[in-house]
Amino acid sequence: MSSDQSTDQTAAGHRLVVAVDGPSSSGKSTVGAEVARRLGYRFCDTGLLYRAVAWLAVERGIAPDQTSALVPLAGEVQLVVDKRGRLRHVEAAGRDVTVEVRGPAVDRAVSDYSKVPELRAALVPRQRALAADGGIIMAGRDIGTVILPNADVKIYLHASPEERARRRAAQRKLAADGAAASGILEDMRRRDTIDSERETAPLRSAEDAIVVKTDGNTFKQTVAAVIRTIREAEAAGGGNRGR
Ligand code: DC
């Protein structure tokens with residue numbers, strides 16, 4: 001096994017709480033999951049919770065403004081821990097919908113559901129409970145600002161909309177200059193606007209977050225930059241919590 005693929009056992013004893021925020025397709029989940037694997041942390045992608053609620057709401061014909069029907073859906077979604085302690089699957093109404101929630105229908109709808117303050121409030125304690133034992137990297141939009149304001153390390157992954165659209169097009173095996181790719185860029189900008197201009201818990205970098213710029217980076221370079229940041233906090237005795 002190359003050193004790249006191995007889990008870093010020296011860090012396995014640390015139990016820091018790491019918040020990773022950033023816009024859609026900034027690499028939060030892929031980078032966060034890889035860093036967690038390398039450092040022996042758990043990884044939680046909170047976007048899966050919002051996506052599962054949006055999926056369920058669309059299935060049941062519940063609109064974002066039907067708050068009293070929407071909020072109880074938060075109690076029907078949950079992240080599922082696998083045998084290795086990973087939180088990579090999400091269930092809605094008892095069914096694994098991990099694949100469905102990443103489809104274009106949910107992509108289009110999810111920002112409008114996730115701006116509903118009552119729904120966000122219902123999901124706060126669920127996310128905090130997941131981080132209570134430490135040793136976790138939690139990714140989202142408001143983790144460092146609202147969900148875990150005392151996180152030991154806060155990272156904000158920055159990437160331009162153009163770079164993120166290119167990555168998403170490549171993931172979907174679309175030509176970077178085609179009509180489908182420019183549709184992705186338009187959709188990305190629309191979601192950025194909704195996510196960062198909503199009144200409750202808008203997407204923004206926490207004041208004490210370390211901004212990691214990823215434009216032009218390879219995946220490996222971004223992973224290395226995030227690992228460096230966490231290791232420095234570990235060496236300093238626990239980042240924000242230790243201050
Ligand atoms: O990261 P993502 O693209 O899977 O997120 C899906 C949606 O959920 C996105 O519109 C923003 C929202 N979200 C949020 O508002 N707060 C979070 N902590 C995570 C995701």
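The figures that follow rest on heavy atoms only: side chains count, while hydrogens, waters and symmetry mates do not. Start at 1 and go down the list; that is how both ligands and their atoms are numbered.
- Listed by atom number, the atoms of ligand 1 under 4.0 Å from Gly47 heavy atoms are 4 (O), 5 (O), 19 (C), 20 (C).
- Looking only at heavy atoms of the protein, atom 15 (O) of ligand 1 is closest to Arg120 NH1, 2.7 Å.
- Of all the atoms in ligand 1, the ones that sit under 4.0 Å from a non-hydrogen atom of Arg191 are 3 (O).
- At least one heavy atom of Lys28 sits under 4.0 Å from some atom of ligand 1.
- Judged by the shortest distance from any of its heavy atoms, Arg198 lies inside the 4.0 Å radius around the atoms of ligand 1.
- The closest protein non-hydrogen atom to atom 7 (C) of ligand 1 is Val110 CG2, 3.5 Å.
- Applying the 4.0 Å criterion to heavy atoms of Asp142 picks out, from ligand 1, the atoms 16 (N), 17 (C), 18 (N).
- Near Ser114, the atoms of ligand 1 lying under 4.0 angstrom from a non-hydrogen atom of the residue are 8 (O), 10 (O), 11 (C), 12 (C), 15 (O).
- Taking only nitrogen or oxygen atoms, main chain and side chain alike, Thr46 reaches within less than 3.5 Å of ligand 1.
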For side chain to side chain contact (heavy atoms under 4.5 Å, CB included), just list the numbers for Asp96 and Val80, CA-CA rounded to whole Å, side-chain angles, deciding distance to a tenth of an Å, and then say yes or no.
CA-CA 9 Å; Asp96 189 321; Val80 183; 5.9 Å; no
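- At under 3.5 Å, not a single nitrogen or oxygen of Tyr50, backbone or side chain, sits near a nitrogen or oxygen of ligand 1.
- At a threshold of 4.0 Å, the pair Arg51-Asp107 counts as salt-bridged, since one of the basic side-chain nitrogens sits closer than that to a carboxylate oxygen.
- Distance from atom 1 (O) of ligand 1 to its nearest protein heavy atom, with residue and atom name: Arg141 NH1, 2.7 Å.
- Proximity of a side-chain donor or acceptor of Lys115 to a complementary backbone N or O of Glu197 within less than 3.5 Å is not detected.
- In this structure, Arg166 pairs ionically with Glu163, as a charged nitrogen and a carboxylate oxygen lie closer than 4.0 Å.
- Residue-ligand proximity, Asp195 to ligand 1, at heavy-atom distances under 4.0 Å covers atoms 9 (C), 10 (O), 11 (C).
- Remark: side-chain polar atoms of Arg126 are paired, donor with acceptor, to backbone N or O of Val77 under 3.5 angstrom.
- Close contacts between ligand 1 and Arg51 involve ligand atoms 2 (P), 3 (O), 4 (O), 6 (C) [criterion: under 4.0 Å to a heavy atom].
- Side-chain contact annotation: Arg120 with Thr200, donor-acceptor N/O pair under 3.5 Å absent.
- Heavy-atom minimum distance, Val212 versus Ala225: CG1-CB, 4.1 Å.
- Applying side chain to side chain contact (heavy atoms under 4.5 Å, CB included) to Thr222 and the options Thr214, Ile227, Val35 leaves one that passes, Thr214.
- Each of the following atoms of ligand 1 lies closer than 4.0 Å to a heavy atom of Ser111: 10 (O).
- For the pair Gln127 (side chain) and Leu123 (backbone), a donor-acceptor distance under 3.5 Å is present.
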